[in-house]
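Structure, as structure tokens:
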Amino acid sequence: MTIVVAYKWAPNPQDAAVGSDGSVDFSRAKSAISEYDPVAFELARQVADATGAEVVGVTVGDASIDTSLARKAALSRGLDRLVIVADDRLAGADSTRLAAVLAAVVRGIGDVDLVLAGESSVDVTEGQVAMTLAGQLGWLGLNAVSSVSATDGGYAIERDVPSGTASMVLTGPAVLAATTDAVLSRVPGMKDILGAAKKPVEVLSLDMLDVSSAQVTLTAVSASRPAAGNRQRVIIDGSDPTAAAAELVGALRAAKVL
Amino acid sequence: MDFGLTDEQELLLDSLRELLERECPESYIAELDRTHQAPTSFRLALHEAGFASLGFPEEYGGTPCDAVTLMMLTERVSQQGLNNGYGIELLQAKDILEFGSQEQKADILGLLAAGAVPFALGFTEPGAGSDNSAMTTTAVHRDGTVTFNGTKTLITNALDAKYLLVMAKSSDGDDERTAISMYLVPMDAPGVSTNKLEKIVWNTNDSCEIFMDDVTLPESCLVGRQGNGFRQLMRNLDLERLVIAATCLGLAQCAFDDAATYASQRVQFGKPIGSFQLIQLKLTDMAIKLENIRNFVYKTSWMVDQGIPLRSQGALCKRYAAMAAFEVADDAMQIFGGIGVNAGTRVSRLWRDLRGHRFGGGTDEIMVHIAGRQIIREHR
Ligand SMILES: Cc1cc2nc3c(=O)[nH]c(=O)nc-3n(C[C@H](O)[C@H](O)[C@H](O)COP(=O)(O)OP(=O)(O)OC[C@H]3O[C@@H](n4cnc5c(N)ncnc54)[C@H](O)[C@@H]3O)c2cc1C
């Protein structure tokens, strides 16, 4: 049995520059495992340790995602092996196309019954890839997953839903997108980092995969930051808590929030 | 010459950054400093992530690691603002791994794994500070036992530690190279008593005087060979000085970053104070000192890794790093103006902690004493 972790080698937001118009410039940012993905690595490792499954990392993108640092960074996070598609024809690819390539890789690996991913990538933040991947594979797709554990013949899942937490069990193959705080991912230690260089990496050519070329072109025209809102800047004196609470309620009512 | 990081170093520093963000934020360090507590939970987290056995032989569950990488990690932890957060225990444990008995090794490694401080180093005495040969603590071997008498002072972490690594005279004579032996004495052995010292630096490390009155232990407490204690201690001393230098580098970098940020935000005379050339001059000279310390630390570490004899290099590096780092923190404090001397500000803590490093591991002056003699000898 194999568990796939689908992750992105993405620019690190700590290095991003925010322009005065609100635009985010990632051009000088160093890349790293996308910030919301380590939870997927950790969940996969925990399930695999309980079931004896193999954990395979999969990432697709332009040629720059395949460096020795990028490989070791992923492999030091508990993967058994790694499969990469790195092709400049995927530069700036939309989420549907990325999901199609990921699906082709997952099909090629075979024997996969679980794909884990983060909630979204840290740079694009659309949160579409995982569920589109499920659609491409024809598998069940669940987002907002806060816990996964193996049961007899399937998995027990918990999801964060607006009304609280929902528990469910599933059988058969699925793609799960984990919440950013689903689990505390372990920090790779020296042994994990040194061991990473010795793990197998397979680089697949885009041409070998059964993926149709992009049918639709998507071009970003402009972007704007959300409206700042009309701030009232009301400061309530808190020295008498009861009076302050009453004043706060009054102010919120006046603003038609309550 | 390659100043770049290897993939492994980059990933290790990334891991450490993650761990520091989680387990060692400024609020944690400030609270430890205020309440005079040791960073035990952070040490434990370091151990769990495999950082606390770097450089140990694999047979003891460690991972071999070069000195350059170890110093990078030491620098990074102190750059967080935590003094003595990484490195010293590793080196001390190395003394035991190299010279200790099987039982001593197992005991010390077990304590390290639990995030504890396995032992403090008991060298300094009221009458023997810089001058080791004036040591008067005695260790008398008789019928399979050793009896200790004497006083140690200014000992770091002893109140927090299970053992004291005692340096004591096991034979008469002033030659420290043959008269001194090394022992592991449990801090709770009958006859051991302590007196806590209140110091104005290093709040996260306790300090005390230790009195040993007829403390009698089985001879198995001897570490290594009798009469070889001083040589055993010296063996890792250069590395220890390097750890101190790397610690100073990180603390000074932290002070510099705080001061530069403050300078760009604090407005006086209608402008950020960073726009005044006098402040820029300070920041520029601080940056030069940091660059010099960094080059000194990494070049010296590289020499260790190449097996090049350090001769005076370790003492030169420790002296320069401790003094220049303190100057950086002092200028940082000046840039903060009056709030810099308020208790609870990070810059005041860094300034205090850096001051302590001009004594521990040998004073500024003793570094001259060591390096100066060596320089003259080499030019005779
Ligand atoms: C924060 C801190 C932690 C410490 N931790 C430990 C520890 O864990 N274990 C331990 O054993 N010790 C420890 N020490 C003690 C430290 O090693 C000694 O303070 C140091 O060796 C100096 O000894 P002293 O304080 O007795 O000063 P002294 O030796 O009395 O020196 C006083 C002054 O005279 C100078 N001086 C002395 N001899 C000479 C000379 N020949 N030429 C020129 N100047 C000279 C010194 O540099 C100093 O300025 C610690 C000290 C400090 C401050």
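Residue numbers start from 1 in every chain, and the chains themselves are labelled A, B, ... in the order their sequence lines are given, proteins ahead of strands.
- Interface remark: of the candidates S76(A), A196(A), A73(A), A197(A), A73(A) forms the most heavy-atom pairs closer than 4.5 Å to chain B.
- At a 4.5 Å heavy-atom cutoff, R71(A) makes no contact with chain B through either its backbone or its side chain.
- Only the side chain of E21(B) comes within contact range of chain A, with at least one heavy atom under 4.5 Å from a heavy atom of that chain.
- Within the 4.5 angstrom heavy-atom criterion, only side-chain atoms of E10(B), from C-beta onward, approach chain A.
- When each of T63(B), D7(B), L11(B) is tested with I193(A) by the rule side-chain contact (heavy atoms from CB on, under 4.5 Å), just one qualifies, namely L11(B).
- Heavy-atom contacts from other residues, nucleotides or ligands closer than 6.0 Å to CZ of R17(B) number more than 12.
- Residue-level contacts of residues 176-192 of chain A with chain B, in order of numbering, are L184(A), S185(A), V187(A), P188(A), G189(A), M190(A), K191(A); threshold 4.5 Å between heavy atoms.
- Contact count versus chain A (heavy atoms, under 4.5 Å) is highest, among C65(B), A49(B), A45(B), G50(B), for A49(B).
- Expressed to the nearest 0.5 Å, how far CD of E8(B) lies from CG of L69(A) amounts to 9.0 Å.
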